[in-house]
Number of protein chains: 2
Amino acid sequence: MTRAVFTREDADTRRQALIEATAASLAEAGIAGTSVRAICMRAGVSAGLLRHYFDGVDALIAETYRATTATVGEAHAAAVAAAGADPRARLIAYVTASFRPPVADPALLATWLAFWSLVKTDAAIAAIHADTYRGYRGELEGLLSSCGLEQAQCRSAAIALTALVDGLWLELTLDPTTFTAEQASAMAVRWLDSLLEGNSLD
Amino acid sequence: MTRAVFTREDADTRRQALIEATAASLAEAGIAGTSVRAICMRAGVSAGLLRHYFDGVDALIAETYRATTATVGEAHAAAVAAAGADPRARLIAYVTASFRPPVADPALLATWLAFWSLVKTDAAIAAIHADTYRGYRGELEGLLSSCGLEQAQCRSAAIALTALVDGLWLELTLDPTTFTAEQASAMAVRWLDSLLEGNSLD
DNA sequence: CTCCTTGTTATACACTTGTAAAATTAACCC
DNA sequence: GGGTTAATTTTACAAGTGTATAACAAGGAG
């Protein structure tokens, strides 16, 4: 009975490997198929190591949620930054990025659904969710405000736009046969234009 | 060791009791907490009975999905029917019903999320989902057409409206502190009005 | 080269999982 | 009443669950 050989890794490396394995497992097998052993096997690590880096499997899942939302936020931010200075172009870039990889990814959908399903039962997940969506809406409010939308309407518009994009993203990634990413972008942009109509930049 | 007393029930009664118990369990404990024993205890029945009426726990969950989507469809249909003959009122009734019980119910959210998370891995669930959403969009297309919207735009508008309503419903039931049901209705109605603008009934 | 720290594995444990098969008994027919 | 049927419960089982703990060994310090 020979023991498995192993290498000692940096703490951050191991933590990130476990987080990535958790996301991959949630994406591929759902929350039901994501166990301590499944995660650790995917990370190439024995099951016992999980508790050495996290308080438990629930804590690891919460941490994975935090990391995933951060990745999505960065993808959006990068798209906006690449769009240049024109406010409308920046807003459109933000929306369009939601329907392209890495955001519109079936793996991300599965991961996201797993998190949503924990919001009511897991207080830590609920807190992360509230924070994350507050951040998303805040960013959109800023973009809308830059487009000349009245300040009083920005909050409500950000909520509605978030909802529209979320709904399109959801159906697009759940069942890509109904409509395409391009159609989704076009619908969101049309909504945006009718919203900004009559609210010029000065 | 005395056996539990029991009464023989009609097959439909037992099936519906198990379906309702499944929905309740999904709502309260999530997919992870919904086991054969949890479902059957909730239905007041021993665990072995599940297999007597369903092919297994997965089949029962699929059946619960079918029943749940039917309930939501009926709630929408009832709201539309109660709205009278005016096309715009009917459309608004459809949308508003999405943000009120029994549609905007945290229990329903949990059930729905559990089903969505099975769409990619379970072919039966995927088929039910595709059918259901085709039906929802078809109904909306009819309502939009009655409002005088050009036929060519109806399909795209139905997709976008479904997405907006889904997104608002999702966030409203996930975290009711961000905005109210009335605000959600108002946002959807505003979108509708700007869409129908210039498309009178002639 | 040896010691020591600690990252890592292996094992054990009590519990839950879904399902199969047998044992029971309620309800209906005669 | 007795007999029959099948709905229901009970038990059993192999596999999987999360986690605690002990055993090990990798890699640096001296």
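Sequence lines set the chain letters: A, B, ... in the order given, protein chains first and strands last, and positions in each chain run from 1.
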Undergrad: Verify the distance criterion only: is there a donor paired with an acceptor across the side chains of B:Q183 and A:S156 at less than 3.5 Å?
TA: no
Undergrad: Enumerate the residue pairs fulfilling salt bridge (charged side-chain N to carboxylate O under 4.0 Å, His left out) with a member in residues 55-70 of chain B, sequence neighbours excluded, ordered by first and then second residue.
TA: B:E63-B:R66
Undergrad: Starting at atom CD of A:E9, determine the distance to atom C1' of D:dG27, rounded to an integer number of angstrom.
TA: 12 Å
Undergrad: Could you check how far CG of B:L49 sits from C1' of C:dT24, rounded to whole Å?
TA: 14 Å
Undergrad: Using atom CZ of B:R14 as one end and atom P of D:dT9 as the other, report the distance to the nearest whole Å.
TA: 6 Å
Undergrad: Show me the pairs that pass salt bridge (charged side-chain N to carboxylate O under 4.0 Å, His left out) and involve residues 69-84 of chain B, at least two apart or across chains.
TA: none
Undergrad: Could you tell me the separation between the CZ atom of B:F54 and the C1' atom of C:dG18, rounded to a whole number of Å?
TA: 16 Å
Undergrad: Report which part of the nucleic acid A:Y53 touches: base, sugar-phosphate, or nothing (heavy-atom distance under 4.0 Å, all strands).
TA: sugar-phosphate
Undergrad: Quick one: list whatever passes ring-ring contact (aromatic ring centres under 6.0 Å, His included) with B:Y53, sequence neighbours left out.
TA: none
Undergrad: Quick one, which residues of residues 18-26 of chain A touch DNA chain D with a heavy atom under 4.0 Å?
TA: none
Undergrad: Got a list of protein N/O to nucleotides 1-4 of chain D N/O distances below 3.5 Å?
TA:
none

Undergrad: Summarise protein proximity over nucleotides 17-26 of chain D in one line of letters, 5' to 3': B for base, S for sugar-phosphate only, - for none, counting protein heavy atoms closer than 4.0 Å.
TA: BBBS--BSBB
Undergrad: Suppose the criterion is ring-ring contact (aromatic ring centres under 6.0 Å, His included): which pairs have a residue in residues 130-150 of chain A, not counting sequence neighbours?
TA: A:H129-A:Y133, A:Y133-A:Y136
Undergrad: My understanding is that only residues two or more places apart in sequence, or in another chain, count here; which of them pass ring-ring contact (aromatic ring centres under 6.0 Å, His included) with A:F54?
TA: none
Undergrad: Do A:T7 and A:E9 have side-chain N/O donor and acceptor atoms under 3.5 Å apart?
TA: yes
Undergrad: Mind checking side-chain contact (heavy atoms from CB on, under 4.5 Å) for B:A21 and listing every partner two or more places apart, or none if nothing turns up?
TA: B:I39, B:R42, B:A43
Undergrad: Taking ring-ring contact (aromatic ring centres under 6.0 Å, His included) as the definition, give me every residue that meets it alongside B:F99, ordered by chain and number, with sequence neighbours left out.
TA: none
Undergrad: Mind checking what makes side-chain hydrogen bond (donor to acceptor under 3.5 Å, both in side chains) contact with A:S25, not counting sequence neighbours?
TA: A:T34
Undergrad: Please collect all side-chain hydrogen bond (donor to acceptor under 3.5 Å, both in side chains) contacts where either partner lies in residues 94-105 of chain A, sequence neighbours excluded, each pair once.
TA: A:H76-A:S98, A:R100-A:E182
Undergrad: If I take atom CE in residue B:M41 and atom C1' in nucleotide D:dT10, what distance separates them, rounded to the nearest angstrom?
TA: 14 Å
Undergrad: Is any side-chain nitrogen or oxygen of B:H52 closer than 4.0 Å to OP1 or OP2 of D:dA7?
TA: yes
